[in-house]
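Reckoned from all heavy atoms, side chains included, excluding hydrogens, waters and symmetry mates. The shown structure was predicted, so the numbers you read here are calculated from the model rather than taken from an experiment.
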Amino acid sequence: MSQSHTDDLEPAVTVATTARLHFGFLDPSGRTSCPFGSFGLSLDRPWTRLTLRHAREEAFSGPEARRAARYLRAIAEARGVDNAYWLDISEAIPSHAGLGSGTQLALAVGAAFAALEGLDLSPPDIAALLGRGARSGIGIATFETGGAVLDSGPRYGTLPQLVARVPFPRSWRTLLIFDPETKGLDGADEIAAFESPPAYSEDARAALEALIVKRALPALKDQDFGVFCEEVGHLQARMGDYFAARQGGIFTSPRVGVVLEVLRAAGVTGLGQSSWGPTGFAFAESESEAKRLFEIASEADTSASLRLVLAGGRNEGAEITRLRGRDAKNLDSSGI
């Protein structure tokens, strides 16, 4: 991709945002009086990083560039803006991994567009324009604030609203278990999974809500690792049972499932699969404990096909930086 010297000196906007874990829904059927309602966590890796500036001719590059271009064209058309852009994605959250890559990419593109064009567009505004967040507001909330978040689910034709947000303890760690050979449900398959959901009762939804609001969130605030892990594990078990028929088992990836069961046998209670997977996760109370879990998981991966990453929580929202003149020209490879 080439640009003229004039284009290089155009003002630029960089946006960096991170992945999130989706622990599950309070009402996975979406059919009770309070449909859906999500609980999740912002991570400090992996990242999506992109840079946007005006250009004489459109140019898009980097991982997920085609998808990002669709988002950019859609939001520009929705706001009646007819400009050409240079968009470079230097890093992208893995797609179809259960980490919210699509929503984070859409919000990052929309935030960069709004900043570059001087438009007042909030993350919920962007999500509505680009068709994101219809069931879960976790990705929108983590883009805005980071931390562990609970949303209301969609109400009265609006996107899910943030109900509660609690910082994630700095010393706690998350072992992420990636299966590059498997992907979670997305697109038409995901829509189909919600079209004829099994019955789910008001009592079951209320019970899960009580456990998250009265136990999991206070445990985070008090840094009570055991209680937090117990409640996340309980929510995950409910989701695994509910969606097993749609995703081919309790876990989308059998290989990830084997590792998670080995970790469970080793005494880990705060573990599960993020969203549709295949990415699995397991919590550790310290860096040393995280390294121990890493070693257990490595030995359990007899296929040698999984990728293990240690992450922390992220308690800040996306980073949005406006650059002008030669500062815009001298962007480093990360875009920040």
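- Atom CD1 of residue I250 and atom CG of residue D241 lie 5.5 Å apart, to the nearest 0.5 angstrom.
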For the pair T18 and S42, evaluate side chain to side chain contact (heavy atoms under 4.5 Å, CB included) and give the outcome as yes or no after the intermediate values.
CA-CA 7 Å; T18 55; S42 181; 3.6 Å; yes
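- D88 and T51 form no side-chain donor-acceptor contact under 3.5 Å, judged by distance and modelled atom types alone.
- Proximity of a side-chain donor or acceptor of T32 to a complementary backbone N or O of E202 within less than 3.5 Å is not detected.
- Here the shortest heavy-atom pairing between L175 and A297 reads CD2-CB, 3.9 Å.
- Contact of the F25 side chain with the S136 side chain is registered, since non-hydrogen atoms from C-beta on lie closer than 4.5 Å.
- Proximity of L211 to L235: side-chain heavy atoms (C-beta onward) are nowhere separated by under 4.5 Å.
- Note on L99 and L41: same hydrophobic cluster, where clusters join Ile, Leu, Val, Met, Phe, Trp and Tyr whose side-chain heavy atoms are under 4.5 Å apart, directly or indirectly.
- Of all heavy-atom pairs between A19 and I93, the closest is N-CD1, 3.5 Å.
- Closest non-hydrogen pair, L107 versus I140, comes out as CD1-CA, 3.9 Å.
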Criterion side chain to side chain contact (heavy atoms under 4.5 Å, CB included) on R79 and L129, from CA distance to verdict:
CA-CA 9 Å; R79 294 309 303 253; L129 287 170; 4.3 Å; yes
Do R322 and V13 pass the side chain to side chain contact (heavy atoms under 4.5 Å, CB included) test, and can you show the C-alpha distance, the side-chain angles, and the key distance before you say yes or no?
CA-CA 5 Å; R322 298 167 180 81; V13 174; 4.2 Å; yes
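- Taking hydrophobic clusters as Ile, Leu, Val, Met, Phe, Trp and Tyr residues chained together by side-chain heavy-atom distances below 4.5 Å, L26 shares a cluster with V166.
- R66 contributes no side-chain N or O that, together with a main-chain N or O of P63, makes up a donor-acceptor pair within less than 3.5 Å.
- Heavy-atom minimum distance, S253 versus D179: OG-OD2, 2.6 Å.
- Atoms CG and CZ, on L220 and F225 in that order, are 10.5 Å from each other to the nearest 0.5 Å.
- A continuous path of ILVMFWY side-chain contacts below 4.5 Å connects V256 to L310, so both sit in one hydrophobic cluster.
- With hydrogens and angles ignored, the 3.5 Å screen pairs no side-chain donor or acceptor of D203 with any backbone N or O of A207.
- With contacts defined as side-chain heavy-atom distances shorter than 4.5 Å, the pair D27/C34 does not qualify.
- Classification of the F23-F281 ring pair by plane angle, with boundaries at 30° and 60°, yields tilted.
- Formation of a donor-acceptor pair under 3.5 Å by the Q104 side chain with backbone atoms of G139 is found in this model.
- Between the CG atom of L105 and the OG atom of S95 there is a distance of 10.0 Å, given to the nearest 0.5 Å.
- Within the 4.5 Å cutoff, side-chain heavy atoms of R20 are placed close to those of S275.
- N315 places a side-chain N or O within donor-acceptor distance of the main-chain N or O of F168, the cut-off being under 3.5 Å.
- When every heavy atom of R53 is checked against every heavy atom of P11, the shortest pair comes out as CB-O, 3.2 Å.
- With T145 contributing its side chain and G317 its backbone, the two residues share no donor-acceptor pair below 3.5 Å.
- Annotation: W172 is not in aromatic contact with F283 [ring centroid separation under 6.0 Å not met].
- Of the residues R238, E231, E230, the one that meets the side-chain hydrogen bond (donor to acceptor under 3.5 Å, both in side chains) test with H234 is R238.
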In residues 108-117, what donor-acceptor pairs under 3.5 Å come from side-chain atoms, sequence neighbours left out?
unit_1	atom_1	unit_2	atom_2	d
E117	OE2	H54	NE2	2.7
E117	OE2	N83	ND2	3.0
E117	OE2	Y85	OH	2.5

Mind running salt bridge (Lys or Arg N to Asp or Glu O under 4.0 Å) on R45 and E91 for me, showing each step along the way?
CA-CA 11 Å; R45 67 196 64 187; E91 189 175 352; over 6 Å; no
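- No single ILVMFWY cluster, assembled from side-chain heavy atoms under 4.5 Å apart, contains both L176 and V259.
- Under a 3.5 Å cut-off, the side chain of Q236 and the backbone N or O of Q273 do form a donor-acceptor pair.
- The shortest side-chain heavy-atom distance between I126 and Y71 does not fall under the 4.5 Å cut-off.
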For salt bridge (Lys or Arg N to Asp or Glu O under 4.0 Å), just list the numbers for E289 and R173, CA-CA rounded to whole Å, side-chain angles, deciding distance to a tenth of an Å, and then say yes or no.
CA-CA 9 Å; E289 176 65 4; R173 295 290 180 267; over 6 Å; no
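- Linking ILVMFWY side-chain heavy atoms closer than 4.5 Å, directly or via other members, places V232 and Y242 in a single hydrophobic cluster.
- Taking CE of M239 as the start and CH2 of W276 as the end, the distance is 10.5 Å to the nearest 0.5 Å.
- Judged by distance alone, with hydrogens and angles left aside, the side-chain atoms of D44 form a donor-acceptor pair with the main-chain N or O of G312 at under 3.5 Å.
- The closest side-chain heavy-atom distance from F243 to P28 is below 4.5 Å.
- One finds the OG atom of S171 at 10.0 Å from the CD atom of E287 (value rounded to the nearest 0.5 Å).
- S38 places no side-chain N or O within 3.5 Å of a backbone atom of G137 that could act as its donor or acceptor partner.
- A donor-acceptor contact under 3.5 angstrom links the side chains of R132 and T103, judged on distance only.
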Test R292 against E295 for salt bridge (Lys or Arg N to Asp or Glu O under 4.0 Å), laying out the working first.
CA-CA 5 Å; R292 187 180 78 87; E295 291 303 318; over 6 Å; no
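- Here the closest non-hydrogen pair linking R246 and P197 is NH2-CA, 3.5 Å.
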Trace of the side chain to side chain contact (heavy atoms under 4.5 Å, CB included) decision for V163 with V213
CA-CA 10 Å; V163 171; V213 172; 5.8 Å; no
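- By the 6.0 Å contact criterion, CD on E77 is open, its count of non-hydrogen atoms from other residues, nucleotides or ligands being 12 or less.
- Note that the OG atom of S303 and the CZ atom of R255 stand 5.5 Å from one another [nearest 0.5 Å].
- For the residue pair S152/Q161, the side-chain donor-acceptor check at 3.5 Å is not satisfied.
- Remark: the backbone N or O of G146 is paired with a side-chain donor or acceptor of R165 at under 3.5 angstrom.
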